[in-house]
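Here's the structure we're looking at; comments come further down.
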Amino acid sequence: MDFEAKEYTPKPFEFSGKSGEFFGIWIVNIALTILTLGIYSAWAKVRTNQYFYGNTALDGSAFQYLATPMQILKGRMIASVFFGIYYFLTTIFPLWGLGFTALLVLVIPAIIVLSLSFRMRNTAYRNVNFRFDRNFKQAYLVYAGPALVFVILLALSFAMAIPEDTENFSGIEITQQSESSESLGNSESSESTEISLNSEELEPPIAFFAILILMFTALPFWEYLKTHFLVTNTRFGTSPFNFEAKASNFYKLYLLAFLIFACVLFIFGFAVKEFTSFNPDSPELTAGLSSLIPVIGGIFFYFWAFAYIQTKRANLIYNHLSIDNMQMDSQLTVTYMFFLYITNTLAILVSLGLLIPWSMIRTARYRASTLTLLSDTNLELFVADQQQELSALGEELGEVFDIEIGI
Amino acid sequence: MKVQGYLYKGDNSQRHSAELVYSSTGNLSCVLEGHLAFAAPISEVTISDRIGNTPRFIHFPNQAKFESDDNQCIDDIVKTSSMHGFIKPSLINRWAHSLESSYKVIAFTLVTVILSSWAFVQYGLPQFSKELAMLLPAEVATKIGHGSLDLLDDSIMKDSELSEERQQALRHQFEQIKPKYKNENHIALDIVFRQSEAIGANAFALPSGTILFTDEMIALAENDKELQTIMLHEIGHIENRHSLQQLIQQSSLALFVILVTGDVSTTSSLILALPSLLLNAQFSQGMEIEADQFALERLKENNLTGQHFAAIMKRLEASHSEKVKHKEAKPESNQTLGKISNYFSSHPATEERIKRFEAVH
């Protein structure tokens, strides 16, 4: 790439939302949602999104959220019915639940595609809409393919290992296992899940570990594939986004994270041990401290590790995004993100949720303040694409089933 | 009326500084560099709702879009043209922003939301869950609990070491004190025995109608009458369908929290789970008292006294606090075991509960 050669004008993203102003919107949303028994939640979602999109500007023009409350309401109602059925069935028939979950897993790639295409279609900037191409085939290849391969490998490793290891099982465990697989029916995926659930009781075969290690080594590559899929299928008008990261970037990120986490945990564990054996005269104090320090330390570590991965990942993805010779630049820092997560959580807990609007605003402000678009031209040359109506069902399904979509 | 802003024609992202002019005939004209670019009656134009101070977007039928942050002026245009009957803004369009920006409304809403949420969680939800739990057919209630015994067996329970005769004797006593019903809609009761080091002395009422006694619990009793009072208490839990009630309560509370707070992606989902965890402990207390009441009412007809219950509860409490002390003195002992035993200690043997039984002779 010849980005260095050209003269780039940085165009920063600006966020101008205010906590006090948003608090009013937020609390009225809640009150009307309660008053209308949930129906207003569709309007609440639209107004919230419109507030955050509208307050985000790039080069003097604001973003716009276009979805209408009626679209959201319809999608939300249908998705809730699906979720209700799913919840009811898994509660009443816990053993079949695995089957239902497997079924849900099968439609996840489709939900991701539908959800993103709705979200992008309803995001506009300078009267040009974003797009997410509905590339179902690629979605299944990228999301379901590796998962399926892994499940099959795992099942095979067990199938090969079980006849040799039979004497290791106690009688009870064997009867349990045959019982559960009988009542499960013969769905392949659910059976393998059941076996892996019991795996703690069994002597795990070597092949199992080999495949587990293989999976962990393959994870960064899978992350890369998924991100590549998400980015390259996104367009602004007719211009597609390009993703210039390599799989090796992801390997570096996760390997480094793994090493850092391992070091921190080791040092932490060592420190806890040293510290707690420090005061042998007062066992009560030592006991109190020893139970408190690992818990607090653990919480801090969890937040820090979460912030670390989120930050590094976001920077990696945004810094390798480009569109029509324009380059994104993201400068999130781990320390500040960690500080944000910790203070947000504490503030929300202490205020019993009333500081949620404040935490949303300051997070959005920080994210925008670290994001810049580097471009050598003005932003006038993007060509709009054909308009097309879409249902919100996919997005709402993704929301009620809590499907995490990257980026 | 005139509004300054940007015009985007819709075929590309090009931006033009432009002016929007509203005439008293109900027409909106777009003026570009001093010349009229296009015009449309305001009834054919979509004006985005006022959200805080975010810019407004005005969509024209020819796909052009006008962006302006002059909210005051656009509000005036909307007001004037609806007064003249050119457009009819929706209810939300008219009211939402004035509600959201009025300090009085915000203060009032805040107080109302806090009070009503508290009342709902404290009184409404338990009552609703209780009524729904009692309304459900017994088969459904039993089905929901199906598998919880298997789960316990797989994780922390071992087979009982009690002799077959002893188990038989206790089962016989259970059959004696178990209420006899003509009512169709009740959960069939039965009793099982298990051994568990992790949990120690305890008894559970599983939602399927199975009552589980640990060997440690049996050993704790000085006589079978004490155990019978515990049986009555556990039957009380099942008769009142407490586990089903709790399940309904928790899932509807989770739904309520998500509905009300919306998407809280700036923290972790831990926060959303917290209220239901906190309330969980509180609900159990009320349920314990209800189960106690059930047992109290049936002591006499089974030739039992409150002393039996009080005696075993005191011993139970002593045995649990001993366990806790033991753990604190040895911090390296297994932490998860402690957590499990706390999680399952659904019998906080408080002084008050014991006192209620001591009053019954």
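Throughout, a chain's letter reflects where its sequence line sits, starting with A, and its residues are numbered from 1.
- Taken to the nearest 0.5 Å, the CZ atom of Phe193(B) stands 14.5 Å off from the CD atom of Glu161(B).
- Per-residue counts of heavy-atom pairs under 4.5 Å with chain B were compared for Ala57(A), Pro69(A), Ala62(A); the largest is that of Ala62(A).
- The contact between Leu354(A) and chain B is made entirely by side chain atoms (from C-beta outward), counting heavy-atom distances below 4.5 Å.
- Side-chain rings of Trp118(B) and Tyr123(B) approach one another, their centers coming within less than 6.0 Å.
- Of the listed residues (Glu21(A), Arg47(A), Lys18(A)), the greatest number of heavy-atom pairs within a distance under 4.5 Å of chain B belongs to Arg47(A).
- When each of Thr238(A), Val128(A), Leu35(A) is checked for heavy-atom pairs under 4.5 Å with chain B, Val128(A) comes out on top.
- At a threshold of 4.0 Å, the pair Asp70(B)-Arg56(B) does not count as salt-bridged, since none of the basic side-chain nitrogens sits closer than that to a carboxylate oxygen.
- The contact between Tyr40(A) and chain B is made entirely by side chain atoms (from C-beta outward), counting heavy-atom distances below 4.5 Å.
- By number of non-hydrogen pairs under 4.5 angstrom with chain A, the leading residue of Gln14(B), His59(B), His97(B), Arg15(B) is Arg15(B).
- Proximity of Ser13(B) to Asn127(A): side-chain heavy atoms (C-beta onward) are nowhere separated by under 4.5 Å.
- Legend: residues meeting salt bridge (Lys or Arg N to Asp or Glu O under 4.0 Å) with Arg362(A), ordered by chain and number and at least two apart, are absent.
- For the pair Arg367(A) and Phe15(A), the minimum side-chain heavy-atom distance is 4.5 Å or more.
- Judged purely by distance below 3.5 Å, without hydrogens or angles, the side chains of Glu67(B) and Tyr8(B) pair a donor atom with an acceptor atom.
- Within the 4.5 angstrom heavy-atom criterion, no atom of Ile342(A) approaches chain B.
- Aromatic rings from Phe38(B) and Phe60(B) are positioned such that their centres are separated by under 6.0 Å.
- Phe63(A) touches chain B through its backbone: at least one of N, CA, C or O sits under 4.5 Å from a heavy atom, while the side chain does not.
- Aromatic ring centres of Phe52(A) and Phe22(A): separated by under 6.0 Å.
- When heavy atoms are compared at a cutoff of 4.5 Å, Asp49(B) approaches chain A solely by way of its side chain, counted from C-beta outward.
- Only the side chain of Ile114(B) comes within less than 4.5 Å of a heavy atom of chain A; its backbone N, CA, C and O stay farther away.
- No other option in Gly60(A), Gly237(A), Ala44(A) has as many heavy-atom pairs under 4.5 Å with chain B as Gly60(A).
- For chain B, the nearby parts of Asp59(A) are the backbone and the side chain; heavy atoms of each come within less than 4.5 Å.
- Here Gly24(A) is the residue among Gly24(A), Ser16(A), Pro357(A) with the most heavy-atom pairs under 4.5 Å with chain B.
- Residue Ala96(B) touches chain A through both its backbone and its side chain, counting heavy-atom pairs closer than 4.5 Å.
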